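The next block holds one structure in the form of structure tokens; read it before the comments.
Because the structure is predicted, anything quoted here is derived from the model rather than measured.
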Amino acid sequence: LDRGTEFIKRGDFSHRIVVKSDDQLGALAESFNQMTEYVQTLVKERVEKERLERELEIAKEVQEQLFPREAPHMKGLELTGLCLPARVVSGDYYDFLPFSLNYMGMALGDICGKGISAALLMANLQATLRTNVMNLARLVDSSPQHAHGQRTVSRVVQMLNEQIYNFTSANKFASFFYAVYDDREQTLTYCNAGHNPPLYFNAGEVQRLYTGGTVVGIFPDAEYDQETIQLHSGDLFLAYTDGIVESVNEYGEEFGEDRLVEIVQRNRSLSADAMQKVIVDHVLAWAFEEERDDDMTLIVARIR
């Protein structure tokens with residue numbers, strides 16, 4: 001036992017005592033062996049946990065590079081976006097895709113599940129979307145009328161759906177919203193693939209942008225529609241993931257879309273950045289649990 005404690009002092013938890021008797025000293029020796037085995041297992045688990053945490057931190061740094069560092073500067077649009085992961089990495093996705101001085105794409109998605117698997121699918125979604133957009137950007141840039149006539153926005157979503165279906169497992173899917181903003185005509189052409197409908201505030205009215213189809217990644221032959229809306233100075237556009245409206249307080253009550261609409265209408269005069277901060281502050285104050293159940297992502301756009 002005395003020699004065994006010397007091994008422990010040196011940090012060698014692999015040493016075991018040879019039990020030679022059935023008396024109390026023998027029982028103590030067996031307990032010593034069980035203790036050192038347990039401590040050795042804990043040390044291994046701690047080392048493995050620290051390794052995983054380092055890998056998660058690296059994954060977080062890589063994922064942060066996938067989000068836009070800043071919103072594109074458009075003459076007629078004030079734009080901002082934010083993602084707050086519930087865990088180290090996020091399954092939510094938002095992106096801004098500037099085609100030229102006059103045209104810009106914006107995307108928002110919510111991957112099913114959480115953690116690393118959702119983050120990997122999020123990265124796949126971003127790469128697939130950007131590839132599709134690059135292939136069709138020339139149409140959008142050359143003529144918005146021609147591009148809309150060719151159903152470019154809905155076609156991007158349809159291609160995304162086919163590729164997510166073909167290259168991911170059957171139980172993986174994502175709700176998704178994609179839109180192209182025309183700065184010259186001040187129009188927004190969008191397609192909503194099963195996502196929470198973004199809110200468009202116009203002259204005191206609230207329009208929910210439903211047009212589109214089902215979530216991407218489940219049905220390979222799904223068809224998608226698109227719609228073009230005319231924007232006006234002072235209008236506000238808000239896209240979000242369900243982590244915003246499904247945040248619950250200590251009584252289990254959800255934050256809800258109605259409360260979100262009320263906050264926006266009360267603060268319509270604020271800039272896009274200030275509006276984003278007000279919404280996030282209200283949601284975080286509402287949430288009861290310090291560790292959230294879902295990622296929260298938000299895009300706010302104000303028409304100048």
Side-chain angles (χ1 to χ4, degrees), residues 68 70-84 92-98 102-110 144 148 153 157 175-212 225-247 254-286 295-304:
E70 62 179 4
H73 298 286
M74 308 294 290
K75 180 180 178 181
L77 187 71
E78 181 185 340
L79 184 65
T80 185
L82 176 70
C83 177
L84 297 177
D92 281 2
Y93 165 65
Y94 82 95
D95 209 351
F96 303 131
L97 308 165
N102 297 309
Y103 304 110
M104 180 204 66
M106 64 177 74
L108 185 73
D110 188 354
H148 296 162
V153 173
V157 178
S175 63
F176 186 70
F177 177 86
Y178 177 63
V180 172
Y181 169 70
D182 180 349
D183 202 36
R184 289 187 299 193
E185 301 294 330
Q186 284 207 322
T187 59
L188 186 74
T189 302
Y190 76 90
C191 177
N192 186 345
H195 195 72
N196 298 75
L199 305 172
Y200 173 55
F201 296 83
N202 175 27
E205 300 294 326
V206 182
Q207 179 181 348
R208 291 162 177 81
L209 307 186
Y210 287 106
T211 302
D225 296 322
Q226 65 184 49
E227 180 183 10
T228 300
I229 58 176
Q230 182 66 51
L231 309 176
H232 305 89
S233 178
D235 290 352
L236 191 78
F237 168 83
L238 178 68
Y240 59 92
T241 57
D242 53 13
I244 296 287
V245 293
E246 293 179 4
S247 177
E254 291 188 348
F255 188 77
E257 185 191 82
D258 292 342
R259 191 170 280 103
L260 179 61
V261 170
E262 180 186 351
I263 290 171
V264 173
Q265 289 177 331
R266 276 203 322 262
N267 298 276
R268 280 292 302 273
S269 61
L270 295 179
S271 65
D273 285 326
M275 180 69 76
Q276 175 184 273
K277 185 177 185 307
V278 166
I279 293 172
V280 171
D281 287 347
H282 274 82
V283 174
L284 293 180
W286 178 268
D295 308 317
M296 298 195 307
T297 305
L298 190 65
I299 292 178
V300 180
R302 174 177 291 283
I303 313 304
R304 293 192 173 105

Answer whether the closest heavy-atom distance between the side chains of Glu257 and Arg208 falls below 4.5 Å. yes

Would you check if the side chain of Gln230 reaches a backbone N or O of Gln186 as a donor-acceptor pair within less than 3.5 Å? yes

Between Glu254 and Arg259, is there a side-chain N and carboxylate O pair less than 4.0 Å apart? no

Determine, step by step, whether Leu108 and Phe176 satisfy the side-chain contact (heavy atoms from CB on, under 4.5 Å) criterion, reporting the C-alpha distance in whole Å, the side-chain angles of both residues, the deciding distance to 0.1 Å, and the verdict. CA-CA 6 Å; Leu108 185 73; Phe176 186 70; over 6 Å; no

For the CD1 atom of Ile263 and the CG atom of Asp258, what is their distance to the nearest 0.5 Å? 11.0 Å

Heavy-atom donor-acceptor pair, Glu78 side chain to Ala272 backbone, under 3.5 Å: yes

Quick check: do Thr228 and Val153 have side-chain heavy atoms less than 4.5 Å from each other? no

Nearest 0.5 Å please: distance from the CD atom of Gln226 over to the OG1 atom of Thr211. 10.0 Å

Between OG of Ser247 and CH2 of Trp286, what distance do you get to the nearest 0.5 Å? 8.5 Å

Between Asp92 and Thr241, does the side-chain hydrogen bond (donor to acceptor under 3.5 Å, both in side chains) criterion hold? Intermediate values first, please. CA-CA 8 Å; Asp92 281 2; Thr241 57; 2.8 Å; yes

Could you go through Phe237 and Tyr181, starting from their C-alpha distance and side-chain angles, then the distance that decides it, and tell me whether this counts as side-chain contact (heavy atoms from CB on, under 4.5 Å)? CA-CA 11 Å; Phe237 168 83; Tyr181 169 70; over 6 Å; no

To the nearest 0.5 Å, what is the distance between CG on Leu298 and SG on Cys83? 10.5 Å

Output yes when a side-chain donor or acceptor of Arg302 lies under 3.5 Å from a complementary backbone atom of Leu270, and no otherwise. yes

Is there a side-chain contact (heavy atoms from CB on, under 4.5 Å) between Asp95 and Met106? Walk through the geometry before answering. CA-CA 6 Å; Asp95 209 351; Met106 64 177 74; over 6 Å; no

Atom pair CG (Asp182) and OG1 (Thr189), whose distance is rounded to the nearest 0.5 Å: 7.5 Å

Do Tyr178 and Leu97 touch side chain to side chain, with heavy atoms closer than 4.5 Å? yes

Is the shortest side-chain heavy-atom distance between Leu199 and Leu260 below 4.5 Å? yes

Among side-chain atoms of Asp235 and Tyr200, is any donor-acceptor pair under 3.5 angstrom? yes

Note: Lys277-Asp273 ion pair, threshold 4.0 Å (strictly below): no

About how many Å separate OG1 of Thr80 and CD of Glu70, when rounded to the nearest 0.5 Å? 10.5 Å

Looking at Asn192 and Pro197, what are the two nearest heavy atoms and their distance? ND2-CA, 3.6 Å

Could you tell me if the side chain of Phe201 sits less than 4.5 Å from the side chain of Val261, heavy atoms only? yes

Sort out for me which residue in Tyr240, Tyr210, Tyr190 forms a ring pair (Phe, Tyr, Trp, His ring centres under 6.0 Å) with Phe177. Tyr190

Heavy-atom nearest pair, Asp110 first then His195, reads CB-CE1, 4.1 Å

Short question: side chain of Asp183, backbone of Gly76 - any donor-acceptor pair under 3.5 Å? yes

If you look at every heavy atom in Ala179 and Leu188, which pair is closest and at what distance? CB-CD1, 3.8 Å

Any heavy-atom pair between the side chains of Val264 and Ile279 that's under 4.5 Å? yes

Sub-3.5 Å donor-acceptor pair from the side chain of Ser233 to the main-chain atoms of Arg304, do we have one? yes

Heavy-atom distance under 4.5 Å between the side chains of Thr187 and Leu231, does that happen here? no

Heavy-atom count check: over 12 atoms from other residues, nucleotides or ligands less than 6.0 Å from Glu205 CD? no

With heavy-atom distances below 4.5 Å as the criterion, would you say the side chains of Val180 and Met104 are in contact? no

Walk me through it: do Leu209 and Gln207 pass the test side-chain contact (heavy atoms from CB on, under 4.5 Å)? CA-CA 6 Å; Leu209 307 186; Gln207 179 181 348; 3.9 Å; yes

List the atom of Gly212, the atom of Cys191, and the distance in Å for their closest heavy-atom pair. CA-SG, 3.9 Å

